[in-house]
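Worksheet for the structure shown next.
Predicted, not measured: the structure shown is a model, and the values here were computed from it. All ligand and atom numbering here is 1-based and tracks the order in the structure.
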Amino acid sequence: MENPFSEGENRVIRPPATALVIFGATGDLTKRKLIPALYNLAHDDYLPSCFVVIGAARTKLTDEQFRNDVLASVKEHSRRPVDEKVWARFAANMYYQPVDGSVADDFAKLRNRLTQLGQERSENLNYLYYLSVAPEHFGPIAANLKHAGLVEEPSSGTRRTSLIIEKPFGHDLESARTLNAIVRGSFAEEQIFRIDHYLGKETVQNILVLRFSNGVFEPLWNHNHIDNIQISVCENIGVGSRASYFDNSGILRDIVQNHLLQMLSLLCIEPPLSLSDANSIRDEKVKVLRAIKRFSLEEVATSTARAQYSSGFIDGQPVPGYRGEKGVRPDSETETYVAMRLEIDNWRWVGVPIYVRAGKRLPRRITEITIYFKKAPSSIFRGRQIQDLEQNALVIQVQPDEGIAFRINAKPPGPRLRVRPVDLDFEYGDSFAVPSAEAYERLILDSMKGDATLFIRDDEIEEAWDLLTPVMRAWGEDGTIAPPLYHYEAGSWGPSAAAQLLRPRGHRWRRL
Ligand code: BG6
């Protein structure tokens, strides 16, 4: 198994011979993310030297039609323009097989196709199945794969077979447990790769490198020195064409349960035994999730804020309110903004408030993590007209303009002793001069190598849902004690109730 954190800079470690079967091959995610990611991996020459893709969906298409669709997706969504030579090599290994996920016979045909492609290439291909379909199809597809003899035991030693699953993984704790049980009926946990695309982002992976490869941070990384932590996932987009999904989900399930809690757990883990074994890291992440204090139903009212956007302006353009979006119920109570005050109840973090927020239709797209350190005593500056020193802050900008800044206090030039905050700045673009790959590129590559480090384990999913259960209950069926659903103007930074959450400790949201 490869270590994702130790590859030599220019060393290419190619995965073994693989057949990737994409279920939901005609869907939106395949077009926008998966196909462009594969094309860019081909461009970088990272794909296995023997690699085939089988697109699988209910629509009847020929290989040729599928290739044409794939070309259109690459042209529209790839971060690089199409290169004729790369395309020719890439397209020659693309196939299409009509498959209805609930029809056993279709899986027998799929098996024949896979066998034939392996024989033509004289290769024992690993099989990697990508479920880019709605969750209700996970169970039938997994069971039919197993039934058709397309799932090997992990210990069989014949070929590796693995399953990649897209979010949403469940709607609440109970449905996630059910889904886990269904999928594990056909695949062993070590064969299951649950995607959270935030884990594929360079800056998110860098959290571990930053913490554990720099001796300077770890001694300070605890409640003795850290005052509070803030994590913000802000988007300026609305719900677009995904209203039917989002209106039944809300931003708590869409962003907090997965992306936000994943970043939080990486930021707060204990040093894992090793960075080269997936379970060392995931064991520590799940401990963090387990240690986050659960809210009582009453605490939900004082520790969370939720809101929905009304009409407003984004980049000077008028945009409708959430309830006016196509596909949204006109009386929808779904939240498009959430803020929460969390606390990790363990030795390292006790007493440190962790403020998180996520929202749609905010003024701009930015995902940022800020660690505020405790203030230095300012008594030494007494009599120098210096009121208050700013806190040191470590700011990890996850996107866009990926980078890390450290805010310190410094003396501006001049005869007077004054103090001003300044930033020590690192920007990926400037320092490394290579564009970051898309998250899906890294994740697909790792799954082909059998490295599950950047994927979510069953217990992590369940802990994350468990944490949010009282929130969902208080906001839902036990609505009488719930905090109200506020409204905020599209293009604003959200409701003032979010700022109230920080007041008891005298904190403020960082200005983004
Ligand atoms: C997805 C959510 O998982 O992440 C979307 O379903 C959200 O609602 C998206 O827009 C954000 O991803 P990124 O990579 O653009 O920050």
Side-chain angles (χ1 to χ4, degrees), residues 24 27-34 36-37 40 77-79 130-135 164-171 176 193-207 231-264 266 306 308-309 314 319 322 325-328 332 334-338 356-369 396-403 428 435-444 454-456 460-461 464-465 468 490 494 512:
D28 197 47
L29 181 83
T30 307
K31 291 185 179 144
R32 280 187 307 108
K33 296 287 181 190
L34 308 187
N40 281 290
H77 300 291
S78 164
R79 65 186 171 93
Y130 201 122
L131 300 189
S132 178
V133 293
I164 306 183
I165 307 182
E166 269 294 335
K167 63 165 275 223
F169 199 90
H171 193 70
F193 291 72
R194 293 178 196 77
I195 290 236
D196 182 321
H197 77 280
Y198 266 58
L199 293 179
K201 292 183 191 273
E202 283 292 346
T203 17
V204 174
Q205 293 165 48
N206 197 24
I207 294 174
I231 305 181
S232 308
V233 181
C234 308
E235 295 182 280
N236 54 5
I237 54 170
V239 283
S241 57
R242 298 164 71 235
S244 62
Y245 149 75
F246 190 90
D247 206 33
N248 288 311
S249 159
I251 202 136
L252 185 76
R253 292 180 171 90
D254 189 46
I255 298 281
V256 178
Q257 190 274 342
N258 37 75
H259 309 325
L260 210 147
L261 288 177
Q262 283 296 317
M263 288 191 282
L264 168 59
L266 282 176
R306 60 177 171 145
Q308 191 185 72
Y309 63 82
I314 297 280
V319 294
Y322 178 70
E325 299 270 18
K326 206 166 150 229
V328 170
S332 172
T334 301
E335 82 289 351
T336 59
Y337 179 99
V338 58
V356 302
R357 59 179 162 170
K360 293 206 180 272
R361 284 289 191 228
L362 302 181
R364 65 189 185 104
R365 176 178 186 248
I366 177 166
T367 298
E368 192 192 83
I369 299 170
I396 303 173
Q397 186 150 331
V398 174
Q399 62 186 18
D401 308 324
E402 296 98 330
Y428 272 73
S436 291
E438 286 278 331
Y440 277 92
E441 295 172 36
R442 175 59 191 266
L443 296 175
I444 294 174
L454 301 176
F455 295 84
I456 308 178
E460 291 180 72
I461 290 264
W465 280 124
L468 300 181
L512 298 174

I want to check something: taking the side chain as every heavy atom from C-beta on, are [X] and [Y] in contact at a cut-off of under 4.5 Å?
{"X": "I207", "Y": "I369", "answer": "yes"}
{"X": "I165", "Y": "F193", "answer": "no"}
{"X": "T336", "Y": "R361", "answer": "no"}
{"X": "E438", "Y": "N40", "answer": "no"}
{"X": "I366", "Y": "Q397", "answer": "yes"}

What protein heavy atom sits nearest [atom], and how far away is it?
{"atom": "atom 8 (O) of ligand 1", "result": "D254 OD2, 2.6 Å"}
{"atom": "atom 15 (O) of ligand 1", "result": "R365 NH2, 3.2 Å"}
{"atom": "atom 10 (O) of ligand 1", "result": "E235 OE2, 2.5 Å"}
{"atom": "atom 12 (O) of ligand 1", "result": "H197 NE2, 3.1 Å"}

With heavy atoms only and a cut-off of under 4.0 Å, state how F246 meets ligand 1: side chain, backbone, both or neither.
neither

Under a 4.0 Å threshold between the charged nitrogen and the carboxylate oxygen, would R79 count as salt-bridged to E441?
yes

Should you measure from each heavy atom of [X], which atoms of ligand 1 turn up under 4.0 Å away?
{"X": "K167", "value": "1 (C), 2 (C), 3 (O), 6 (O)"}
{"X": "K201", "value": "13 (P), 14 (O), 16 (O)"}
{"X": "H259", "value": "1 (C), 3 (O), 4 (O)"}
{"X": "K360", "value": "5 (C), 7 (C), 8 (O), 10 (O)"}
{"X": "Q399", "value": "13 (P), 16 (O)"}

Ligand 1 N/O within reach of T367 N/O, cut-off under 3.5 Å
no

Parallel, tilted or perpendicular: rings of H259 and H197 (30°, 60°):
perpendicular

If only side-chain N and O atoms count, and only distance matters, is there a donor-acceptor pair under 3.5 Å linking E368 with S232?
no

